[in-house]
Amino acid sequence: QRRKVDLRELLAVSVEAAVLGGREVKTVRDENDLKEKSKGKTREGASEPLTMGDLQSHRKMFNLISNTFPDVTVNSEEHDNMVDKAATWSRDIPADILDKIEGGKDVPSESITVWIDPLDATQEYTENLVKYVTTMVCVAVDGKPVIGVIHQPFTGFTAWAFVGQGSNMRPRSSYSVSPPKVIVSRSHSGKVRSFIQDALGNSTTIIEAGGAGYKVLSLLEMPSSETGSIDQADAYVHITFIKKWDICAGAALLNALG
């Protein structure tokens, strides 16, 4: 018997996981108990910090998804052997998902890979620049990003999308092309500044920001209650090495919105 997974349920669990992970991220930061250490250096030579926020969030997110869908492969940026059998799905499907997404989208569990980033923008998190911090979940089917969830723990806002089905986000009504506002990494900016000015001209506005999740949200229409907390950009350019859990959820959101 080949096991199947209803992707609407997996979307609901992904949202719940991102929110629960985000709660851990916020609690650790609020209590100022980060216990920061270094995982080593990136290819570009930047230090990669690891905090209790990353680990506690990973435990919640990884165990919730793995316990609910034991046949699905889950990859997380962090690794930890703590098994939490108590992490179980509430079986609640949020009203906006019920409203926008039809049930019965079943796919074989072996075709699914879930990528989670329990704390995106850890460097900024250690500096208390919390607006850049997100928790992310991405569901890939046959290697293609199909579901993306980006949650902001410090505002409580969650963006989600299911390619070809629906989203709680939409593109902004207009974007500036000449000159555009381009958002780039503040910690891995590398040669991106000269690259953008060569390609798009010296009058291009360059915004430096932390977190791949945050930078994707900066391209989208945010609800009016959230607009003050996020930069607005027309393009996101990244030219150095980047990992799948950093871009998978954003790719799904942008693909879903065309």
Side-chain angles (χ1 to χ4, degrees), residues 2-25 57-58 60-77 87-120 134-153 155-171 212-213 216-217 219-223 226 244-258:
R2 294 176 71 187
R3 299 276 175 94
K4 296 224 163 179
V5 170
D6 181 335
L7 289 178
R8 182 171 73 173
E9 292 190 351
L10 185 46
L11 167 59
V13 173
S14 298
V15 167
E16 194 164 307
V19 170
L20 287 176
R23 231 171 257 165
E24 299 295 320
V25 165
S57 174
H58 161 82
K60 283 282 189 253
M61 293 176 73
F62 183 85
N63 284 295
L64 176 63
I65 297 169
S66 297
N67 290 351
T68 311
F69 300 103
D71 300 322
V72 166
T73 302
V74 184
N75 293 314
S76 173
E77 177 170 7
T88 50
W89 181 35
S90 64
R91 305 226 48 96
D92 286 339
I93 298 182
D96 60 345
I97 293 178
L98 283 172
D99 180 42
K100 292 187 165 93
I101 310 293
E102 291 173 10
K105 300 279 180 284
D106 292 350
V107 298
S109 55
E110 65 269 23
S111 68
I112 299 172
T113 311
V114 179
W115 296 89
I116 61 179
D117 191 340
L119 202 172
D120 187 39
T134 61
T135 57
M136 297 193 283
V137 182
C138 178
V139 177
V141 178
D142 296 325
K144 292 192 171 57
V146 171
I147 288 170
V149 177
I150 302 178
H151 172 69
Q152 293 185 293
T155 66
F157 179 73
T158 307
W160 60 264
F162 184 160
V163 175
Q165 300 298 319
S167 175
N168 68 339
M169 300 297 285
R170 55 173 191 246
V216 168
L217 294 181
L219 305 175
L220 303 177
E221 180 80 56
M222 290 291 281
E226 307 291 336
K244 281 182 185 165
W245 44 71
D246 286 324
I247 54 166
C248 186
L253 265 152
L254 296 175
N255 288 342
L257 300 175

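Here the structure is a predicted model, which means the values were calculated and not measured. Sequential numbering from 1 along the given sequence is applied to the chain's residues.
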*For Lys244, does the NZ atom sit with more than 12 other heavy atoms under 6.0 Å from it, leaving out its own atoms?*
no
_Counting C-beta onward and ignoring hydrogens, is there a side-chain heavy-atom pair between Trp115 and Val137 closer than 4.5 Å?_
no
*Identify the two heavy atoms, one from Gly213 and one from Met136, that lie closest to each other, and give their separation to 0.1 Å.*
CA-SD, 3.6 Å
*Taking side chain as C-beta onward, heavy atoms only, is Val216 less than 4.5 Å from Thr134?*
no
*Hey, is the main chain of Asp106 close enough, under 3.5 Å, to the side chain of Asp6 for a donor-acceptor pair?*
no
*Taking Ser167 for the side chain and Trp160 for the main chain, is one N or O donor matched with an acceptor at less than 3.5 Å?*
yes
*Apply the side-chain contact (heavy atoms from CB on, under 4.5 Å) test between Thr68 and each candidate in Thr88, Val13, Asn63; give the one that qualifies.*
Val13
*What's the spacing between Leu253 CG and Cys138 SG if we round to 0.5 Å?*
9.0 Å
*Nearest-0.5 Å distance, CZ of residue Phe62 to CG of residue Asn75*: 8.0 Å
*Taking all atoms of both residues into account, what is the closest heavy-atom pair of Ala252 and Ile147, and its distance?*
CB-C, 3.6 Å
_To the closest 0.5 Å, what do you measure between CG (Leu20) and NZ (Lys60)?_
7.0 Å
_Donor-acceptor check, side chain of Asn168 to backbone of Lys100, threshold 3.5 angstrom: yes or no?_
no
*Taking C-beta and beyond as the side chain, do Gln152 and Leu217 meet within less than 4.5 Å on heavy atoms?*
yes
*Glu9/Arg91 ion pair, N-O < 4.0 Å*: yes
*Measure the CG-CD distance between Leu7 and Glu102 for me, rounded to the nearest 0.5 Å.*
13.0 Å
*Shortest non-hydrogen contact between Met61 and Gly21, atoms and distance*: CG-CA, 3.8 Å
*Does a side-chain heavy-atom distance below 4.5 Å link Trp89 with Leu64?*
yes
*asked:* Donor-acceptor check, side chain of His151 to backbone of Phe157, threshold 3.5 angstrom: yes or no?
replied: yes
_Which atom of Ala12 lies closest to which atom of Ile97, heavy atoms considered_ = CA-CD1, 4.1 Å
_What's the separation between atom CD in Glu24 and atom NE2 in His58, rounded to the nearest 0.5 Å?_
12.5 Å
*asked:* As a quick check of understanding, evaluate side-chain contact (heavy atoms from CB on, under 4.5 Å) for Ile112 and Phe69, giving each step before the final call.
replied: CA-CA 10 Å; Ile112 299 172; Phe69 300 103; over 6 Å; no
_Please check this pair: side chain of Arg8 against backbone of Ile101, looking for a donor-acceptor N/O pair closer than 3.5 Å._
yes
*Pick out which of Thr73, Asp71, Val74 makes a side-chain contact (heavy atoms from CB on, under 4.5 Å) with Ser66.*
Val74
_Do Glu16 and Ser90 make a side-chain contact, defined as non-hydrogen atoms from C-beta onward lying under 4.5 Å apart?_
yes
*Just how far is it from atom CD of Glu221 to atom CG of Leu257, taken to the nearest 0.5 Å?*
11.0 Å
*For Val139, the option from Leu10, Ile65, Leu11, Val149 that meets side-chain contact (heavy atoms from CB on, under 4.5 Å)*: Leu10
*If you take all heavy atoms of Pro118 and Thr135, which pair is closest and at what distance?*
O-CG2, 3.2 Å
_Closest approach of Ala212 to Asp120 (non-hydrogen atoms, all atoms of both residues)_ = N-OD2, 2.9 Å
*Quick one: does Asp99's side chain have a donor or acceptor within less than 3.5 Å of a partner on Ala95's backbone?*
no
